[in-house]
Structure formats: structure tokens, C-alpha cells
Amino acid sequence: MTWRVAALLAAGALTLPWWPAPFVGVAVMVGVVLLLVGLDLALAAPLRALTAERTGERAVRLGGTATVTLYLRNGSGRPLRARVRDAWVPSAGARPEVPPTRVVRAAPGAVLALPTHLTPTRRGDRPAVALTVRTLGPLGLAYRQRGGRPGTPPWTVRVLPRFDSRRHLPERLSRLRVIDGTQLGRGRGPGTEFDALREYVSGDDVRSIDWRASARRAEVLVRTWRPERDRRLICVLDTGRTSAVRVGDEPRLDAAIEAALLLTALAARAGDRVDVLAADAATRASVGGAERPGQWSRLAHALAPLQPALVETDFRLIAGELLRRHRPRSLVVLLTALEPGALGEGLLPVLPRLAARHRVVVAAAQDPVLARLTAVPPRRPADAYAAAAAWRTLAERDRLAQALTRHHVTVVDAPATHLAPALADTYLTLKSQALL
């Protein structure tokens, strides 16, 4: 029953002084109200005749807006007057066009469209959790209600990573064209793959002379080289406990995903083969052939539902997977955290075996809190202790970076907002120096 029943009883109570027998008046008043409630409930549209279904978008990028429409079909012979609440998880950012407090109407046999705009605040899968329909009678005194998961049409919107670093892609592609020699620049680099033969000119490296071709042509010919292509790049995302640390407003894993997407897009344009692996104590995602057309979208869909796991990362498992799956020499980019406890005990023991076969790059996002603590002059004793702890943490990171460098590992340590372009620059540098 609705609040109108109480209001009707209160209004009837005001007439009790004019009744000769108050108890008879109360009985008559309650009986009339119950009769009206029963009549109103009988005239309300039955819930059994309502069918619900959804249509709309299945995926949206973080920061964008998707629209999902709920269709309610009134299969009964009575007019429908109802309040509808379509509930989603809070991080879906659902904003219905028709608020739940508003009464919607549908004629017998008609279909009611109720759009909902979703502006998610987190990446991953955002499902619809409950649909509640309350059908009202014509007097508004009674209602029928059905709600919960059993009657909810299933629908899930996948929120893809934001990928704000795509604004850095045109500049890196321009540098890539300079390296490839398709655009004039300060130099194209020696390269490692044979390109063509040309006549010798003064100043050429005599080590590039092709003596057999020169003997056949009766003139001195030199080999020209192009930057290496068709190399294999393996991007490994650490989804262990260190990836759950919040760096700024997002977990460290989000910065790693952003860097992996930019690096994959750049390497695909460079003609290299790209594989992506996400793991902690187990393999969470594996995407192969991300350089092929149409596969980048599959990579974004595979990385979107990844969440940090509060377990210690098993680097032996990761190294074993890399050595088993990828036998040719490849560029392995490990996106993790520069923490002595995690890398010193997990990665360093297996690093010599991994670095002996592959070229390894370790990329980590810096915590801006450390830079802020070391930059602000302390005003209180507590600030001095906090600054000392920050300096100690930075010193430990430097020692760990030096230990990795001794194993011929390239270390990229940059703030979370600059990690993606810094990693892309490192890839272009290695490519121009023929070190992939």
C-alpha cells in the first residue's frame, strides 16, 4: 500500500465526531478503505504479463558514455502505470532518463522504452544488477512489485582502458619514419637487415663493400642496411600485489596497461610482432598477434577486466612461460614495480637465464608522493621523518636499478603520467641502435 492509504484514513478520522457510534464509524471507514485498496490492487496491471529486454552498447572507453535501453512490454489488457528502477553497479555511473520516482504509463500491448546513460568511473565489466517494477492501480492506493536478480535481463558493459597516451603516437610515428628512412632526418641508423646495393661513394664504410657483387658488375658496390623489422616484442604486465598500489588516482596496473597499449600500437606500425602476457601467481591474460589488423581492439578487450591480485608475483612462472613460448630472441618488456622486496627475491634469481636469451626492459611507474615528500622542505619533525623515508625508498630503487643494469637490463623509471611515452622512446632508441 502507498502513503495515500494513510492519508485517506487520516481524512476519515476527522469525521468520527459526527458519527453517533465512533466504533461503528471506525469499522465503516476501515472497511471502505480496504475495499478501495482491494479494488485498486485488482485493477493494477499484473506483473506476469510484463516482459523486459535490453539493447544498446556493449563496450565503452573509460571516460565515455554508453546508452543501454530497457524495453518493457505490457502484455496484459490493462493500462500500465508503474515506477521502474533499473539498478547497475555504482561504478557504472548510471543516469536514467526517467527517474524511479516518476510514474510511466503504457497502453495494453504497448512497449515502453527507458534509456539509461552510463558514464563508468572504472574499467572492467559493469553489469546490471537488479530491475524493480512497481505497477500502481488507477487510484494509487496499492501496487504490485517485482524486483531482484531473477527478473533482470542480463547485460554487461565492458569499460575499455582510457588510452590517453594515444596523443603521443603521431610524434613517435614520425620518429619511426625517420628511423626507417622514409622521411628525411638527421640519420636513419646503420640497421641490421640488408636493404639494397648501390655504387660506392667517397666516405662509405669499406666494410660494407660487397666484393662478389663488385666482381660481377666490374664496379665497387656497397650494401645498404635498413632498421630491423619483423622482430618479436613480448609485453608482460605484473598483476600482483605491487600493481594494486595507487599511483595518483588510479592503481599502478592502469599506468602499465596505458604503456602497453601505446607500445603495442607503435610496434605494430613498425612491423614487429607483438604478444602480451598478464600474470601474477597464474596467467591472467595472453594475447598473441596483436600487431595484425583488428587485433588491437581484441587486446583492449582482453586487458580491460584485469584487476590487481593481492598475491606475490611468481617471476619463475613468468620466466618459464617466456622461455617455453618464445625461443627466438625477443624484446621482453616487464611492466612492474621497482621494489627490492618483490624484484630482489623474485626477478633477480631468474634474470640471468632470461637475459641470456632475450633483451629485457623493466618499466616502472614512480609514486608521485615520493617526489612530493622530497621536494617540500620539512616544517615539523614528522615531515622530516617522512622525507627521510622517501629518500631511503628512492635510494633503494636506484640500487635495484643498478643491479638490473649489471645484468644488461634497460630500466625505465618514470612518473605514471610519463611512463607510456618514456617506454615508447626507449623502444625507438633500441630499434635505431639495432638492439632489439
Q) Mind checking whether Asp367 and Thr393 have side chains closer than 4.5 Å, heavy atoms only? A) no
Q: Tell me, yes or no, whether the heavy-atom count around Arg217 atom CZ, taken from other residues, nucleotides or ligands under 6.0 Å, exceeds 12.
A: no
Q) Take atom NE2 in His326; do more than 12 heavy atoms of anything else shown fall under 6.0 Å from it? A) yes
Q: Any chance you could lay out the side chain to side chain contact (heavy atoms under 4.5 Å, CB included) test for Arg359 and Arg231, step after step, and finish with the verdict?
A: CA-CA 11 Å; Arg359 181 79 184 186; Arg231 302 300 178 183; over 6 Å; no
(Q) Donor-acceptor pair, distance only, cut-off 3.5 Å: does the side chain of Arg158 make one with the backbone of His301? (A) yes
(Q) For a quick test of reading the model, state the closest non-hydrogen atom pair linking Val412 to Ala422 and the distance between them. (A) CG1-CB, 4.0 Å
(Q) I'd like to know whether Arg392 forms a salt bridge (charged side-chain N to carboxylate O under 4.0 Å, His left out) with Glu396, so could you lay out the CA-CA distance, the side-chain angles of the two residues, the decisive distance to 0.1 Å, and finally the verdict. (A) CA-CA 6 Å; Arg392 179 178 179 179; Glu396 291 176 349; 3.6 Å; yes
Q: Determine whether Arg325 and Asp275 make a side-chain contact, defined as any pair of heavy atoms from C-beta on separated by less than 4.5 Å.
A: no
Q: Tell me, yes or no, whether the heavy-atom count around Gln307 atom CD, taken from other residues, nucleotides or ligands under 6.0 Å, exceeds 12.
A: yes
Q | Non-hydrogen side-chain atoms of Ile318 and Asp314 separated by less than 4.5 Å | A | no
Q.
Test your reading of the model: is there a side-chain donor-acceptor pair from Arg81 to the backbone of Ala44, 3.5 Å cut-off?
A. no
Q. Are the side chain of Glu258 and the backbone of Ser165 linked by a donor-acceptor contact shorter than 3.5 Å?
A. yes
Q. Are the side chain of Thr242 and the backbone of Gly240 linked by a donor-acceptor contact shorter than 3.5 Å?
A. no
Q: Starting from the C-alpha separation in whole Å, work towards a yes-or-no answer on side chain to side chain contact (heavy atoms under 4.5 Å, CB included) for Ile257 and Glu250.
A: CA-CA 11 Å; Ile257 291 176; Glu250 296 178 335; over 6 Å; no
Q: For Thr374 and Ala387, work out which heavy atoms get closest and say how close.
A: CG2-O, 4.4 Å
**Q.** Partners passing side-chain contact (heavy atoms from CB on, under 4.5 Å) against Leu169 (at least two apart in sequence or in another chain)
**A.** Leu173, Leu262, Ala265, Leu266
Q: Would you give the length of the straight line joining atom CZ of Arg162 to atom CG of Leu261, rounded to the nearest 0.5 angstrom?
A: 12.5 Å
Q | Residues Asp238, Arg252; criterion side chain to side chain contact (heavy atoms under 4.5 Å, CB included); working and verdict | A | CA-CA 10 Å; Asp238 178 8; Arg252 181 178 281 134; over 6 Å; no
Q | Student check: side-chain heavy atoms of Leu323 and Arg353 closer than 4.5 Å | A | yes
Q. Side-chain contact, heavy-atom cut-off 4.5 Å: Phe315 with Leu334?
A. yes
Q.
Please check if the number of heavy atoms outside Arg380 that lie under 6.0 Å from its CZ is greater than 12.
A. no
Q | Heavy-atom pair of closest approach, residues Ala45 and Ser76 | A | CB-OG, 4.1 Å
Q: Starting from the C-alpha separation in whole Å, work towards a yes-or-no answer on side chain to side chain contact (heavy atoms under 4.5 Å, CB included) for Val361 and Leu423.
A: CA-CA 9 Å; Val361 175; Leu423 184 58; 4.1 Å; yes
**Q.** From Thr313 atom OG1 to Leu237 atom CG, the distance as rounded to the nearest 0.5 Å
**A.** 11.0 Å
List the atom pairs, with distances to 0.1 Å, where a side-chain N or O of residues 59-67 and a protein N or O form a donor-acceptor pair under 3.5 Å, not counting sequence neighbours.
| unit_1 | atom_1 | unit_2 | atom_2 | d |
| --- | --- | --- | --- | --- |
| Arg61 | NH1 | Pro161 | O | 2.9 |
| Thr65 | OG1 | Thr119 | OG1 | 3.2 |
| Thr67 | OG1 | His117 | ND1 | 3.1 |

Q: Examine Arg58 relative to Trp155 and say whether NZ or CZ is less than 6.0 Å from the centre of the six-membered ring and inside a 45° cone about the ring axis.
A: yes
Q) Which atom pair, heavy atoms only, marks the closest approach of Asn74 to Pro79? A) ND2-C, 4.1 Å
Q: Using a 4.5 Å cut-off on heavy atoms from C-beta on, say whether the side chain of His407 contacts that of Val362.
A: no
Q. So how far is it from Gln145 CD to Leu47 CG, rounded to the nearest 0.5 Å?
A. 8.5 Å
Q: For atom CZ of Arg329, decide whether the heavy atoms of other residues, nucleotides or ligands shown that lie under 6.0 angstrom number more than 12.
A: yes
Q) CZ/Arg54 to CG/Leu114 distance, rounded to the nearest 0.5 angstrom? A) 10.0 Å
Q: State whether the side chain of Thr283 and the backbone N or O of Ala279 hold a donor-acceptor pair below 3.5 Å, judged by distance alone.
A: no
Q | Pro349 versus Arg316, closest heavy-atom pair with distance | A | CB-NH2, 4.1 Å
Q. Just wondering, more than 12 heavy atoms not from Arg73 lying within 6.0 Å of its CZ?
A. no
**Q.** Shortest non-hydrogen separation from Pro305 to Arg123 and the atoms involved
**A.** C-NH1, 4.2 Å
**Q.** Interatomic distance, Gln366 atom CD to Thr417 atom OG1 [nearest 0.5 angstrom]
**A.** 9.5 Å
Q | Residue pair Leu263 / Leu233, side-chain heavy-atom distance below 4.5 Å | A | yes
Q. Side chains of Leu70 and Pro153: does their closest heavy-atom pair fall under 4.5 Å?
A. yes
Q.
What's the separation between atom CG in Leu303 and atom OG1 in Thr264, rounded to the nearest 0.5 Å?
A. 8.0 Å
(Q) I'd like to know if the side chain of Glu199 reaches the main chain of Leu221, judged simply by a donor and an acceptor atom lying under 3.5 Å from each other, with no hydrogens or angles considered. (A) no
